[in-house]
Amino acid sequence: MKVVIRVIKILISLLVVFFLLNFIYSLVMVGSHPYAEQYILNVSEDEAINEIEKLKRRELSLKVPIDDSSFGELSDGKSENFYYTYFFLKDKKSVVLCYVKRINETTTTFALISVGDGPNFLNSRTINARKYFLLRDLSEEDNRKFKQDLEEQVLDKLGIKWKKNKWW
């Protein structure tokens with residue numbers, strides 16, 4: 001009986017340590033948008049932004065619609081070191097927030113940050129958030145599907161060579 005109690009205490013201690021480490025990890029994630037799904041574009045930042053603007057003119061369905069319930073237009077624009085842009089994924093009826101950031105003269109990062117419901121970007125959920133923690137903003141299936149939709153509906157149509165940024 002004493003052995004069983006000791007094993008239970010050890011298991012509980014390990015679980016507490018696991019949760020504590022995961023919590024600390026989520027607090028110390030460094031950088032802006034640490035969970036973002038990143039893609040590498042083989043063009044300069046200016047070229048990437050120009051291609052995104054052209055794509056939105058060609059594919060009007062990717063622009064976030066404005067309706068009577070909107071609080072105002074979700075507009076693309078530069079803020080600090082990032083160019084933020086929104087895309088409307090019609091089949092999901094969701095808006096995705098992405099950023100473009102310069103790596104060097106000929107390479108740019110394009111990243112999927114979060115997903116919101118409808119044109120108001122309500123109920124915003126972070127992509128890849130808490131991947132290593134038990135609580136998730138999106139299910140693994142939804143997370144995978146949003147990334148796949150962005151790749152098919154936006155990245156493939158940009159006319160720019162791209163690849164996933166796999167740093168692990």
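The basis for the numbers below is simple: all heavy atoms, side chains too, and nothing from hydrogens, waters or symmetry mates.
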Quick one: does Ser94's side chain get under 4.5 Å of Phe146's, heavy atoms only? yes
Which residues pass the side chain to side chain contact (heavy atoms under 4.5 Å, CB included) test with Asn104, sequence neighbours left out? Thr106, Thr107
Taking every non-hydrogen atom, the tightest pair across Cys98 and Ile113: C-CD1, 4.1 Å
Please state whether the rings of Phe87 and Phe110 are parallel, tilted or perpendicular, taking 30° and 60° as the class boundaries. tilted
Ile12 with Val4, same ILVMFWY side-chain cluster at under 4.5 Å: yes
Nonpolar side-chain network containing Val3, other nodes, edges under 4.5 Å: Val7, Leu11
How far does CD of Glu53 sit from CG of Asn50, to the nearest 0.5 angstrom? 5.5 Å
Could you go step by step and tell me if Lys56 and Asp76 meet the side chain to side chain contact (heavy atoms under 4.5 Å, CB included) rule? CA-CA 11 Å; Lys56 285 187 171 186; Asp76 300 351; 2.6 Å; yes
Quick check on side-chain contact (heavy atoms from CB on, under 4.5 Å): which of Val115, Thr85, Leu62 does Val96 satisfy it with? Val115
Working for side chain to side chain contact (heavy atoms under 4.5 Å, CB included), residues Tyr84 and Leu97: CA-CA 7 Å; Tyr84 291 99; Leu97 172 60; 4.1 Å; yes
Beyond-backbone contact of Gln153 with Leu89, side-chain heavy atoms, under 4.5 angstrom: yes
Minimum side-chain heavy-atom gap Ile8-Ile10 below 4.5 Å: no
Per-pair distances, 0.1 Å, donor-acceptor, side chain in residues 156-163, under 3.5 Å, sequence neighbours excluded:
{"from": "Asp156", "atom 1": "OD1", "to": "Trp162", "atom 2": "NE1", "distance (Å)": "3.2"}

So, do Val16 and Ser13 sit near enough that their side-chain heavy atoms are less than 4.5 Å apart? no
Please name the pair of heavy atoms, one in Ala48 and one in Thr108, separated by the smallest distance, quoted to 0.1 Å. CB-CG2, 4.3 Å
Using ring-ring contact (aromatic ring centres under 6.0 Å, His included) as the criterion, list what pairs up with Tyr83, not counting sequence neighbours. none
Enter the distance from Glu151:CD to Leu112:CG here, rounded to the nearest 0.5 Å. 9.0 Å
Test side chain to side chain contact (heavy atoms under 4.5 Å, CB included) on Lys164 and Lys147; report intermediate values, then the result. CA-CA 11 Å; Lys164 284 188 178 184; Lys147 290 187 269 189; 5.5 Å; no
May I ask you to check whether over 12 heavy atoms, not counting those of Arg58, lie within 6.0 Å of atom CZ? yes
Ser44: which residues meet the side chain to side chain contact (heavy atoms under 4.5 Å, CB included) condition with it, sequence neighbours left out? Asp46, Glu47
Side-chain donor or acceptor of Ser79 paired with backbone N/O of Phe82 under 3.5 Å: no
Working note: Asn165 + Tyr39, criterion side chain to side chain contact (heavy atoms under 4.5 Å, CB included); need CA distance, chi angles, decisive distance, verdict. CA-CA 5 Å; Asn165 185 13; Tyr39 302 89; over 6 Å; no
Please give me the minimum heavy-atom distance between Gln38 and Tyr99, naming the atom from each residue. NE2-OH, 3.1 Å
How close do Val100 and Glu45 get, heavy atom to heavy atom, and via which atoms? O-OE2, 3.6 Å
With sequence neighbours left out, the residues meeting side-chain hydrogen bond (donor to acceptor under 3.5 Å, both in side chains) with Gln148 are Arg144, Glu152
